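Data first, discussion second: the structure below is written as structure tokens.
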Amino acid sequence: MAATRTSSFDDPFYQPADEFFPANCKIGLTFDDITLATMYSEILPRDTQLDPILADKRHLHIPIISADMDTVTDSRMAIAMALNGGLGLIHYNMSEHQQLSEVSRVKNHVHGLIQDPIKFAPGQLIGDVLDLIEHKKFGFSTFPIVDEKGKLVGLLSGHVVKPRYAAKKVSEALTPRAQVHTIKKKELGKDPIARADKFFTEHIGIHKLLVVDDDDRLHGLITMSDVERITQERKAQFKPARDEHFHLICGAAVSATRNAFGELDRERVLKHVSALVERGMDVVAVSTAHSFSKGVGDTVRVLRDAFPKLPIIAGNVTGAAGVEYLADCGANAIKIGQGPGSICTTRIVAGVGIPQMTALYVCSRAAARKKVTLLSDGGITKSGDIVKALTLAQAVICGGIFAGCNEAPGEVVEIGGKYYKNYRGMGSLAAMKAGSAARYGHEKNPAQKVAPEGVEALKEACGSVDRVLAQLIGGIQSGMGYLGAKNLEQLHTKARYIRVSPAGMREAAPHDVVELKTGN
Ligand code: XMP
């Protein structure tokens, strides 16, 4: 007889979501209020699949997104997130122009084939090249040189791009066409990276390969460092999140911007989002503290009409009605969370908000009916919280967990021999003064806002995003192994919940020992 894998003795104690949450509907529950029962498993943690689908054709490889906060996500964080298979949402506490540049930085980060490389004309001066490098903050200094018809004239190598040659013409310093290594576009074949990899192995010391057409017009540039990185990435368990052109995936947040009459400024929102789309932004997040609102709904509608295929995240809400409203307006993914964030004071200041697991359950049922993705936003302090959130949501958004990373904006400060980075709520006075007041409905005069809904804080510096994500992913995979869940869908169906008493919660953390090393 086959061994049994379930028992009716378990059933009244360890309940599936649709029994557990309705049975506890009189009380708001959050991560530490519950624990998950382990289930029969044939799944090893390392064999679990973590790919969530954000929206049509936008696949991530891990279900983790960095928050659109000015102390968490600019281009550096977004690049690190995408390289690890996740997503960064570039915050909007900066000028629109700057946000466009941040998105461009992510989208241009690593290319297999740089299709439109920066190039110069033979008549320009080395000084012009140096100026552009300085102005655009390029991290490279070798450039193809083309004539007015786009034909390749030569290559300007980094070792001649020096201030001492500033007054010289590019034509005097370039490596002439005959000595430049090129490949015809049609010879690249189906796998340009493999072809270029072979080329670099065969040509010792050559690090750049220019791509030309039959008329010798420049069509692109492949660098050895990009090829090596991409070849390496292909072997990794979690591949970078890329678009169909092999660019890293990037999200950006916008607010429901109002005009002087307090109405939605459609033209401005549309103009800015069009520019973001032009730069290659893959997903836009209409991000405000209270999104079950006309302003956010109208913004989502305007964007959906103008960009039928653009994935739109909207939020935050904590109720089924809010999810249904935003889904009907055209959002693909809804952010859930009001007040769970580590820097949030919304519940204290405004007396509103719902503990996160209850909010997620209620919203998840509406999301399933409307076929939209659910993102659990805020309150994550450990990988176990992510596992719990992922039993109901498709991905999590984290701020505090990444704010101490090298890739987060801001400098490391030393206090009493320890190292920290600043982390502030977007509803804190400082962040609102810097521009985020619209998120909290106070854009008219942020300086006069007397009740901020977030605090300014410090997070201990915690090294690279790669390291933090490795820990989080390890924890998620471990949780999935315990539940016998091969993928995120199975995590939803296999989850069985039980409430935890205060004593049970104490039992869950290390106790009655002198800790020598933390779990991290
Ligand atoms: P964690 O817990 O990851 O939370 O640090 C990040 C999320 O918190 C939200 N957020 C705020 N909520 N006041 C709030 O009530 C604020 O000032 C504030 N700033 C950010 C936001 O959803 C973020 O992703």
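One-based numbering, in listed order, for ligands and for the atoms of each. Note that this is a predicted model, so its numbers are computed, not measured.
- Selection from A289, G427, A431, A457 by nearest heavy atom to atom 17 (O) of ligand 1 gives G427.
- Comparing G425, C344, G378 by heavy-atom distance to atom 9 (C) of ligand 1, the nearest is C344.
- When heavy-atom distances to ligand 1 are checked against a 4.0 Å cut-off, S428 comes that close only through its backbone atoms N, CA, C and O.
- Electrostatic pairing of R268 and E96 counts as a salt bridge here, judged by a charged N lying under 4.0 Å from a carboxylate O.
- Close approach of ligand 1 to Y423 (heavy-atom distance below 4.0 Å) involves ligand atoms 1 (P), 4 (O), 5 (O), 6 (C).
- Close approach of ligand 1 to A67 (heavy-atom distance below 4.0 Å) involves ligand atoms 24 (O).
- Proximity to N316 (heavy-atom distance under 4.0 Å) selects the following atoms of ligand 1: 22 (O).
- Looking at heavy atoms from C-beta onward, V455 lies out of side-chain contact with Y423 at the 4.5 angstrom threshold.
- Between the choices D377, I65, V72, L429, the shortest heavy-atom distance to atom 7 (C) of ligand 1 belongs to D377.
- Shown are I249, I62, L375, I397; of these, the side chain to side chain contact (heavy atoms under 4.5 Å, CB included) with L87 is made only by I249.
- The side chain to side chain donor-acceptor pair (under 3.5 Å) test applied to Y361 returns D18, not counting sequence neighbours.
- The proximity of M69 to ligand 1, defined as any non-hydrogen pair under 4.0 Å, is limited to the side chain.
- Taking a cutoff of 4.0 Å between a charged side-chain nitrogen and a carboxylate oxygen, D328 and K370 qualify as a salt bridge.
- For G341, no nitrogen or oxygen atom sits less than 3.5 Å from a nitrogen or oxygen atom of ligand 1, counting backbone and side chain alike.
- The shortest N or O to N or O distance between R424 and ligand 1 is not under 3.5 Å.
- Applying the salt bridge (charged side-chain N to carboxylate O under 4.0 Å, His left out) rule to pairs touching residues 275-295 yields R58-D282, K107-D282, K294-D298, sequence neighbours excluded.
- Residues F20 and Y14 keep their aromatic ring centres 6.0 Å or farther apart.
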As a quick check of understanding, evaluate side chain to side chain contact (heavy atoms under 4.5 Å, CB included) for F238 and L469, giving each step before the final call.
CA-CA 11 Å; F238 295 103; L469 278 174; over 6 Å; no
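- Minimum heavy-atom separation, E407 to R76: O-CB, 3.7 Å.
- Short contacts between ligand 1 and G400, defined as distances under 4.0 Å to a heavy atom of the residue, involve ligand atoms 1 (P), 3 (O), 5 (O).
- Screening R424, E456, M69 for a side chain to side chain contact (heavy atoms under 4.5 Å, CB included) involving I343 leaves a single residue, M69.
- For atom 2 (O) of ligand 1, the candidate residues are S342, P340, A253; the nearest heavy-atom contact is made by S342.
- For ligand 1, the atoms lying closer than 4.0 Å to a non-hydrogen atom of I343 are 8 (O), 10 (N), 11 (C), 18 (C), 19 (N), 20 (C).
- Contacts between V455 and ligand 1, counted as non-hydrogen atom pairs separated by less than 4.0 Å, are absent for every part of the residue.
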Go through the steps for S287 and K335 under the test side chain to side chain donor-acceptor pair (under 3.5 Å), then give the verdict.
CA-CA 8 Å; S287 192; K335 292 199 286 164; 2.6 Å; yes
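- Residue C398 approaches ligand 1 through these ligand atoms, each under 4.0 Å from one of its heavy atoms: 3 (O).
- Interface atoms of ligand 1 facing E453, defined by a heavy-atom separation under 4.0 Å, are 13 (N), 14 (C), 15 (O), 16 (C), 17 (O).
- For a threshold of 3.5 Å applied to N or O pairs, the pair formed by M426 and ligand 1 contains at least one separation below that value.
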